[in-house]
Amino acid sequence: MSFTAADHRWMAQALQLAERGLWTTSPNPRVGCLLVKEGAIVGEGWHEKAGEPHAEVHALRAAGDQAGGATAYVTLEPCSHHGRTPPCAEALIAAGVSRVVAAMRDPNPLVAGQGLALLQASGIETACGLLENEARELNIGFVARMTRGRPWLRLKTAASLDGKTALNNGSSQWITGPAARRDGQRWRARACAVLTGIGTVRDDDPQLNVREFATPRQPLRVVVDSKLETPLNARILKGGPVLIAGSVADAAKMAALQAAGAEVLILPNAFGKVELADLLAELGRRGINEIHAEAGFKLNGSLLREGLVDELLLYLAPCLIGHQASGLFNLPELTSLSDKHLLQIRDLRQIGEDIRLIARFR
């Protein structure tokens with residue numbers, strides 16, 4: 001299907017609108033809508049928060065009577081089912097729009113093409129697939145959760161140029177500079193949950209919340225803590241929701257952590273550790289789209305070995321620490337280079353004095 005240069009321009013603006021909901025829409029997708037009539041914008045909107053009107057409704061309200069005969073550029077197929085809000089496809093039909101261009105189909109099985117079909121059945125011209133890759137990237141966590149039942153997991157770590165994350169005495173603050181740390185906070189803010197391990201909690205006593213700038217919501221903090229050893233005075237237990245994932249149903253420890261404000265979930269595997277795949281599946285059931293993992297050597301390795309990491313967010317500092325310091329991942333020794341983990345670099349740029357690399361597994 002061919003699209004005009006004007007179609008591309010308007011959809012690009014709709015995607016910019018959708019991005020305004022980057023930190024607020026979960027568990028819903030980030031969606032923008034632009035209504036265009038006779039070459040001019042007559043209404044625009046974006047989805048701001050779950051339970052509130054969708055992007056199309058905001059745009060239709062802004063357009064009023066001007067919506068009749070307009071083209072709607074929507075970054076995700078309009079919904080066709082009754083959820084917390086009425087179907088957007090029906091709202092577009094009632095407003096009398098003449099054409100709807102969607103960037104991508106909705107991966108939600110409750111929609112999955114039905115929204116576009118409903119519009120077509122009402123005589124509205126539809127088109128889909130314009131700037132689809134950009135739209136998919138904006139909602140990569142939502143797509144992952146809808147298509148495979150677990151969130152998108154982005155593993156963030158910072159290291160020296162020789163791949164070291166901490167000294168053997170546990171000291172790791174700070175390897176990277178302030179600009180890289182602020183950038184990491186933005187990635188943390190867009191996630192629905194921040195995942196770490198008990199080792200990081202014990203060694204660094206982190207808060208793992210968003211502090212560098214104002215955000216309308218804090219992500220859920222999740223601690224993988226097999227033996228429920230999180231100190232009751234740990235800073236992570238303060239200032240927002242916390243989930244402790246353990247493998248041993250120790251009633252006394254569970255009660256103490258719950259009294260400290262944490263939710264405790266017991267998910268054992270056959271080796272007495274937390275079953276990480278089950279944890280991610282449970283977070284998916286709770287509407288978590290994106291997980292931002294900030295963990296240590298051991299949990300990083302476990303997530304990689306079990307094939308649960310979708311993306312690496314790696315900050316490299318211009319320094320050397322030495323081979324005896326802690327590495328990035330606890331992975332088994334390879335005996336053949338043909339067994340190496342292959343990655344595709346998606347982005348590489350300088351942040352302050354550091355290098356930020358974003359990569360995905362091939």
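Residues Leu228 and Ile266 form a side-chain contact, since some pair of their non-hydrogen atoms from C-beta on lies under 4.5 Å apart. Residues Ile288 and Ser26 are not in side-chain contact: their nearest non-hydrogen atoms beyond the backbone lie 4.5 Å or more apart. Within the 4.5 Å cutoff, the side chain of Cys128 has heavy atoms near those of the Arg105 side chain. Considering only heavy atoms from C-beta on, Leu283 comes within 4.5 Å of Leu220 through its side chain. Taking the side chain as every heavy atom from C-beta outward, Ile351 and Thr176 never approach each other to under 4.5 Å. Here the side chains of Gln13 and Val36 are not in contact, with every heavy-atom distance at 4.5 Å or above. When side chains are defined from C-beta on, Lys273 does not count as touching Ser247, because their heavy atoms never get closer than 4.5 Å. Looking only at side-chain heavy atoms (C-beta outward), Val222 and Ile291 stay at 4.5 Å or farther from each other.
Hydrophobic clustering (side-chain heavy atoms under 4.5 Å, transitive across Ile, Leu, Val, Met, Phe, Trp, Tyr) groups Leu138 together with Leu130. Hydrophobic clustering (side-chain heavy atoms under 4.5 Å, transitive across Ile, Leu, Val, Met, Phe, Trp, Tyr) groups Leu314 together with Leu304. Residue Leu76 is not grouped with residue Val101 when hydrophobic side chains (ILVMFWY) are merged at heavy-atom distances under 4.5 angstrom, including chains of intermediate members. Clustering ILVMFWY residues whenever any of their side-chain heavy atoms sit less than 4.5 angstrom apart, transitively, puts Trp152 in a cluster other than the one holding Leu280. Under a hydrophobic-cluster definition in which Ile, Leu, Val, Met, Phe, Trp and Tyr are linked whenever side-chain heavy atoms come within less than 4.5 Å, directly or via other members, Val264 and Val194 are assigned to the same cluster.
Counting only distance, with no hydrogens or angles, the side chain of Arg360 and the backbone of Arg346 share no donor-acceptor pair below 3.5 Å. Although no hydrogens or angles enter the test, the distance criterion places a donor-acceptor pair under 3.5 Å between the side chain of Glu77 and the main chain of Leu116. With hydrogens and angles disregarded, a donor-acceptor distance shorter than 3.5 Å links the side chain of Gln218 to the backbone of Val210. Side-chain N or O atoms of His47 include none that pairs as donor or acceptor with a backbone N or O of Gly32 at under 3.5 Å. Between the side chain of Gln350 and the backbone N or O of Gly352, at least one donor-acceptor pair lies under 3.5 Å. Under the 3.5 Å distance criterion, the side-chain polar atoms of Asp250 are matched with a main-chain donor or acceptor of Lys253. For the pair Arg217 (side chain) and Ala189 (backbone), a donor-acceptor distance under 3.5 Å is present. Asp106 places a side-chain N or O within donor-acceptor distance of the main-chain N or O of Asn108, the cut-off being under 3.5 Å. Between the Asn269 side chain and the Gly272 main chain, a donor and an acceptor come within less than 3.5 Å of each other. A donor-acceptor pair is defined here as one N or O able to donate and one able to accept, closer than 3.5 Å; such a pair exists between the side chain of Arg145 and the backbone of Pro27.
Taking the ring-ring contact (aromatic ring centres under 6.0 Å, His included) definition, one finds that Trp187 meets it with nothing, sequence neighbours left out. When the side chain to side chain contact (heavy atoms under 4.5 Å, CB included) test is applied to Ala293, the partners found at least two apart in sequence or on another chain are Leu153, Leu155, Leu195, Leu303. For His292, the ring-ring contact (aromatic ring centres under 6.0 Å, His included) test picks out no residue, with sequence neighbours left out. In this structure, Arg61 has no side chain to side chain donor-acceptor pair (under 3.5 Å) partners at least two apart in sequence or on a different chain. Residues satisfying the side chain to side chain donor-acceptor pair (under 3.5 Å) criterion with Arg9, sequence neighbours excluded, are absent altogether. Among residues two or more places apart in sequence or in another chain, the side chain to side chain contact (heavy atoms under 4.5 Å, CB included) test is passed with Asp347 by Arg349, Arg356, Ile358.
None of Asp354, Thr157, Asp183 except one satisfies the side-chain hydrogen bond (donor to acceptor under 3.5 Å, both in side chains) rule with Tyr315; the exception is Asp183.
Between Leu276 and Ser302, the shortest heavy-atom contact is CD1-CB, 3.8 Å. Taking each heavy atom of Glu56 and Val74 in turn, the nearest pair found is OE2-CG1, 3.5 Å. Looking at every heavy atom in both residues, Val42 comes nearest to Ala70 through CG2-CB, 4.4 Å. Closest approach of Leu131 and Ala12 over heavy atoms only: CD1-N, 3.7 Å. Across Leu337 and Lys340, no two heavy atoms sit closer than the pair O-CG, 3.0 Å. In terms of heavy-atom proximity, Leu119 sits nearest to Ala89 at CD2-O, 3.6 Å.
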Task: Test side chain to side chain contact (heavy atoms under 4.5 Å, CB included) applied to Leu299 and Thr200, step by step - done: CA-CA 9 Å; Leu299 182 55; Thr200 299; over 6 Å; no
Open item on the list: Quick one, Ile140 with Glu311, criterion side chain to side chain contact (heavy atoms under 4.5 Å, CB included). Give me CA distance, side-chain angles, the key distance, then yes/no.
Closed with: CA-CA 11 Å; Ile140 198 162; Glu311 187 169 68; 5.6 Å; no
Task: Worked verdict on Leu308 versus Arg150 for side chain to side chain contact (heavy atoms under 4.5 Å, CB included) - done: CA-CA 9 Å; Leu308 300 175; Arg150 63 178 170 87; 4.1 Å; yes
Open item on the list: Between Phe142 and Arg136, does the side chain to side chain contact (heavy atoms under 4.5 Å, CB included) criterion hold? Intermediate values first, please.
Closed with: CA-CA 9 Å; Phe142 179 77; Arg136 186 174 295 273; over 6 Å; no
- [ ] For Thr230 and Asp225, run side chain to side chain donor-acceptor pair (under 3.5 Å): C-alpha distance rounded to whole Å, both residues' side-chain angles, the deciding distance at 0.1 Å, then the answer.
- [x] CA-CA 7 Å; Thr230 299; Asp225 178 10; 2.7 Å; yes
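Of the inter-residue distances, the one linking Ser98 atom OG with Ile124 atom CD1 reads 8.0 Å to the nearest 0.5 angstrom. To the nearest 0.5 Å, atoms CG (Leu357) and CG (Leu313) are separated by 9.0 Å. For the atom pair Leu265 CG and Asp278 CG, the distance stands at 9.5 Å (nearest 0.5 Å). Separation of atoms CG (Leu267) and OG (Ser226) is listed at 10.5 Å; rounding is to 0.5 Å. Atom CZ of Arg190 and atom CD of Glu19 lie 8.0 Å apart (nearest 0.5 Å). In this structure, the separation between CD on Glu294 and CZ on Arg221 is 12.0 Å, given to the nearest 0.5 Å.
A salt bridge links Glu290 to Arg30: one of the charged nitrogens lies within less than 4.0 Å of a carboxylate oxygen.
For Lys37, the NZ atom counts as densely surrounded, since its 6.0 Å shell holds more than 12 non-hydrogen atoms of other residues, nucleotides or ligands. For Glu137, the CD atom sits in a packed shell: over 12 heavy atoms of surrounding residues, nucleotides or ligands are nearer than 6.0 Å. The local environment of NZ in Lys49 is sparse, with at most 12 non-hydrogen atoms from other residues, nucleotides or ligands closer than 6.0 Å.
Between Phe3 and His8, the angle of the ring planes goes over 60°, which puts this pair in the perpendicular group of the 30/60° scheme.
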